[in-house]
Number of protein chains: 2
Amino acid sequence: MNDKKAIDKKDREEIRDLAAEAGSLTEFAYRRLREDIIAGHFPSGAKLQIEDLKARYGLSASPVREALSRLISQGFVASESQRGFRVAPMSAEDLADITLARQVVESAALALAIRKGDDAWEGEVLSAFHKLDRHVLRLGGRPVQDLAAFSELHKAFHAALIAACGSPRLIEEQSRLYDQAERYRHGMMYSFLSDAEVDLMGEHRALMEAVLARDADAALRLLHHHLGHTYEFCFGKNAAENSGPLPSTGQKTKRPARS
Amino acid sequence: MNDKKAIDKKDREEIRDLAAEAGSLTEFAYRRLREDIIAGHFPSGAKLQIEDLKARYGLSASPVREALSRLISQGFVASESQRGFRVAPMSAEDLADITLARQVVESAALALAIRKGDDAWEGEVLSAFHKLDRHVLRLGGRPVQDLAAFSELHKAFHAALIAACGSPRLIEEQSRLYDQAERYRHGMMYSFLSDAEVDLMGEHRALMEAVLARDADAALRLLHHHLGHTYEFCFGKNAAENSGPLPSTGQKTKRPARS
DNA sequence: AAAAGAAAAAAAATCGACAAAATGGATAGC
DNA sequence: GCTATCCATTTTGTCGATTTTTTTTCTTTT
């Protein structure tokens with residue numbers, strides 16, 4: 001109870017600086033809250049009390065409420081009229097849904113990018129992969145330490161893949177869904193590279209190579225498979241087949257889709 | 001300037017009632033604003049001044065700002081920090097992007113629905129089509145009058161098609177994209193059925209029949225083609241091919257896709 | 001006359017306080 | 001002993017006023 005009021009004058013100035021950087025206090029609250037939720041700093045369906053948040057971020061109700069409002073449409077916060085806000089609840093079905101949506105959106109965007117991307121795009125993909133690869137190597141298979149840095153590079157790689165798709169909306173939606181899945185990843189990251197069952201970086205490399213070779217079929221297959229891992233890590237392999245049947249058009253039911 | 005202050009005590013009570021219905025004033029403001037933007041009541045990139053909106057809806061700044069904040073993440077409102085809000089600008093490229101995203105999301109959802117839907121779902125599809133069909137017939141080819149009713153039925157039909165897809169996110173996204181496109185439709189609805197070039201209800205019927213026959217290939221082809229019409233109506237047929245190449249996976253480049 | 005700067009006006013963002021609603025707990029009734 | 005009702009407390013949602021920032025207007029200077 002004491003540490004909630006631990007915002008003294010010094011902190012207040014700091015917040016002011018950070019707010020100036022972010023543009024406004026609302027923006028500041030929005031970013032901090034979003035990060036805190038994604039980082040799993042609040043438990044799944046936890047109540048987000050205005051009073052607490054005011055104290056936590058050192059500002060008054062208006063910016064906090066506006067930030068919460070913005071996070072509603074993003075799927076990070078849920079609100080019940082007249083009884084406040086809570087962190088959007090997590091569940092196996094929810095992650096399955098996120099995974100499915102990612103497979104739909106990201107696959108489509110990747111297909112477009114492969115068709116439309118130019119040399120500069122290929123360069124960016126290569127660069128993003130390289131940075132991610134080096135980072136993981138440097139940590140010697142233990143990305144636990146610098147989780148935030150790894151996440152950022154991993155996200156950047158996936159973003160680079162579809163950057164040339166030409167659709168702001170698909171890019172935006174990919175980013176949003178990635179962040180939603182990030183929430184689930186945080187719980188399970190600690191065991192991640194010790195699990196030899198899946199060679200994440202190997203998959204990334206294969207994916208990149210297929211992309212650079214403009215082999216759309218292979219790339220889409222790899223991506224689809226790759227996206228399922230978050231779910232498998234969190235809730236086991238079995239139920240992953242729940243969303244198993246391929247997302248959409250084509251594939252023409254050649255086979256029941258190996259992934 | 002006078003009609004902006006035209007909120008007297010009587011109106012204020014009315015607003016209170018409506019708010020009670022909506023749950024809160026914020027919710028009320030959110031719905032009204034959203035409707036007004038979709039209905040094209042504000043010009044494309046128009047400034048949304050808090051003072052104006054306060055007067056227009058008869059409430060104070062907080063609910064208005066929260067409503068605006070929520071609309072940001074939805075793509076209906078844009079904000080520049082420290083200099084307020086404006087209606088998200090419209091453009092040909094933007095509608096092309098919406099169309100592309102719809103083709104990606106709605107196609108995937110429809111494929112899933114066709115695979116997973118049960119008898120009850122088929123019933124709902126049939127019912128939604130019937131209501132839409134009857135409404136259009138009753139108006140004798142002039143849906144101009146009751147535009148809102150038509151829109152609602154049309155949206156309900158498209159929603160019914162994918163209702164069985166099993167993915168809350170795909171459903172939600174479809175709805176959001178539909179509404180974003182709605183903004184563009186409003187400008188061009190007045191000439192719509194007189195244009196014999198496209199037989200909208202015929203397309204709807206064909207689509208429904210393909211769906212009920214569980215003919216995924218045909219249904220997806222029809223849907224993809226159908227979704228392009230909003231763009232064609234607004235900006236002409238040529239540029240529609242811009243986003244022409246199919247959204248994503250599969251189709252295996254059998255043919256360059258007739259649509 | 002044009003550009004730069006200062007002052008005034010307008011608008012946005014934020015705050016502190018209040019009113020309405022919900023929650024939790026105690027008491028009364030069955 | 002259990003349920004229902006009322007009251008105290010907490011919390012949300014809303015407002016009006018204040019502060020900060022931007023925009024406009026009016027000087028002043030070159």
Side-chain angles (χ1 to χ4, degrees), chain A residues 1 4-5 7-9 11-33 42 45-73 77-88, chain B residues 1 4-5 7-9 11-33 42 45-72 77-87:
Chain A
M1 201 173 280
K4 290 191 179 166
K5 248 209 159 175
I7 306 283
D8 56 18
K9 286 157 205 165
D11 290 332
R12 212 164 264 273
E13 277 178 36
E14 247 181 74
I15 287 166
R16 232 180 120 129
D17 288 348
L18 289 167
E21 213 175 301
S24 69
L25 294 181
T26 297
E27 185 70 22
F28 169 72
Y30 170 73
R31 290 191 195 171
R32 285 294 310 271
L33 240 165
F42 301 105
K47 192 127 205 330
L48 292 168
Q49 294 198 143
I50 308 288
E51 213 52 42
D52 288 353
L53 298 177
K54 273 169 57 174
R56 173 180 256 257
Y57 301 124
L59 16 95
S60 83
S62 319
V64 170
R65 289 191 124 261
E66 281 178 39
L68 285 166
S69 297
R70 267 172 77 174
L71 288 167
I72 290 176
S73 333
V77 167
S79 85
E80 273 182 294
S81 94
Q82 235 70 19
R83 70 192 56 166
F85 305 87
R86 35 183 77 249
V87 178
Chain B
M1 201 173 280
K4 289 190 180 168
K5 248 207 159 178
I7 307 282
D8 56 19
K9 287 157 202 165
D11 291 332
R12 213 164 263 273
E13 278 179 36
E14 246 182 75
I15 287 166
R16 231 180 123 130
D17 288 347
L18 289 167
E21 213 175 302
S24 69
L25 293 182
T26 297
E27 185 70 23
F28 169 71
Y30 169 74
R31 292 191 195 169
R32 284 293 310 271
L33 240 165
F42 300 104
K47 190 123 207 325
L48 292 168
Q49 292 197 147
I50 309 290
E51 215 51 45
D52 287 353
L53 298 176
K54 273 169 58 174
R56 171 181 259 258
Y57 300 125
L59 18 93
S60 81
S62 319
V64 169
R65 289 190 124 262
E66 283 178 38
L68 285 165
S69 297
R70 270 172 77 175
L71 289 167
I72 290 174
V77 166
S79 86
E80 272 182 295
S81 92
Q82 235 69 20
R83 67 192 61 167
F85 305 86
R86 37 183 74 249
V87 178

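Every chain is numbered from 1, with letters handed out A, B, ... down the list of sequences. Values in this document were obtained by computation on a predicted structure and should not be read as measured data.
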Chemist: Taking side chain as C-beta onward, heavy atoms only, is B:Ile50 less than 4.5 Å from B:Leu68?
Modeler: yes

Chemist: Does NZ or CZ of B:Arg32 lie under 6.0 Å from the centre of the six-membered ring of B:Tyr57, at an angle within 45° of the ring axis?
Modeler: no

Chemist: Please name the pair of heavy atoms, one in B:Ala29 and one in B:Leu59, separated by the smallest distance, quoted to 0.1 Å.
Modeler: CB-CD1, 4.3 Å

Chemist: D:dT14, C:dA13, C:dA12: which one has an atom nearest the side-chain heavy atoms of B:Arg65?
Modeler: C:dA13

Chemist: For A:Ile50 and D:dT14, what is the distance between atoms CD1 and P respectively, to the nearest whole Å?
Modeler: 11 Å

Chemist: A:Arg86 has an atom CZ; how far is it from atom P of C:dA22, in whole Å?
Modeler: 15 Å

Chemist: Kindly say whether A:Ala78 contributes a backbone atom to a donor-acceptor pair with the side chain of A:Arg86 at under 3.5 angstrom?
Modeler: no

Chemist: Starting at atom CG of A:Leu25, determine the distance to atom C1' of C:dC15, rounded to an integer number of angstrom.
Modeler: 10 Å

Chemist: Closer than 4.0 Å, any side-chain N/O of A:Gln82 to the OP1 or OP2 of D:dG13?
Modeler: no

Chemist: On DNA chain C, nearest-nucleotide positions of B:Glu51 versus A:Pro63: which is more 5'?
Modeler: B:Glu51

Chemist: Does C:dA11 have OP1 or OP2 under 4.0 Å away from a side-chain N or O of B:Arg83?
Modeler: no

Chemist: Would you kindly give the CG-to-P distance between A:Leu59 and C:dG16, to the nearest whole Å?
Modeler: 11 Å

Chemist: Whole angstroms only, please: what is the CD1-P distance between B:Ile72 and C:dA13?
Modeler: 9 Å

Chemist: Just the rounded figure in Å: distance from C1' of D:dG16 to NZ of B:Lys54.
Modeler: 8 Å

Chemist: Select one nucleotide: of C:dT14, C:dA11, D:dT11, the one nearest the side-chain heavy atoms of A:Ser60.
Modeler: C:dT14

Chemist: Select one nucleotide: of C:dA13, C:dC15, D:dT14, the one nearest the side-chain heavy atoms of A:Ser24.
Modeler: C:dA13

Chemist: Going through the checks in order, is the side chain to side chain contact (heavy atoms under 4.5 Å, CB included) test met by B:Ile72 and A:Arg70?
Modeler: CA-CA 7 Å; B:Ile72 290 174; A:Arg70 267 172 77 174; 4.3 Å; yes

Chemist: OP1 or OP2 of C:dT14 sitting under 4.0 Å from any side-chain N/O of A:Ser62?
Modeler: no

Chemist: Starting from P on C:dA20, measure out to CD on B:Glu27 and report it in whole angstrom.
Modeler: 21 Å

Chemist: Respond yes when some side-chain nitrogen or oxygen of B:Lys47 is under 4.0 Å from OP1 or OP2 of C:dA12, and no when none is.
Modeler: yes

Chemist: Let me know the distance between CG of A:Leu48 and P of D:dG13, rounded to the nearest Å.
Modeler: 12 Å

Chemist: Within less than 4.0 Å of OP1 or OP2 of D:dT14, is there a side-chain N or O belonging to B:Thr26?
Modeler: yes

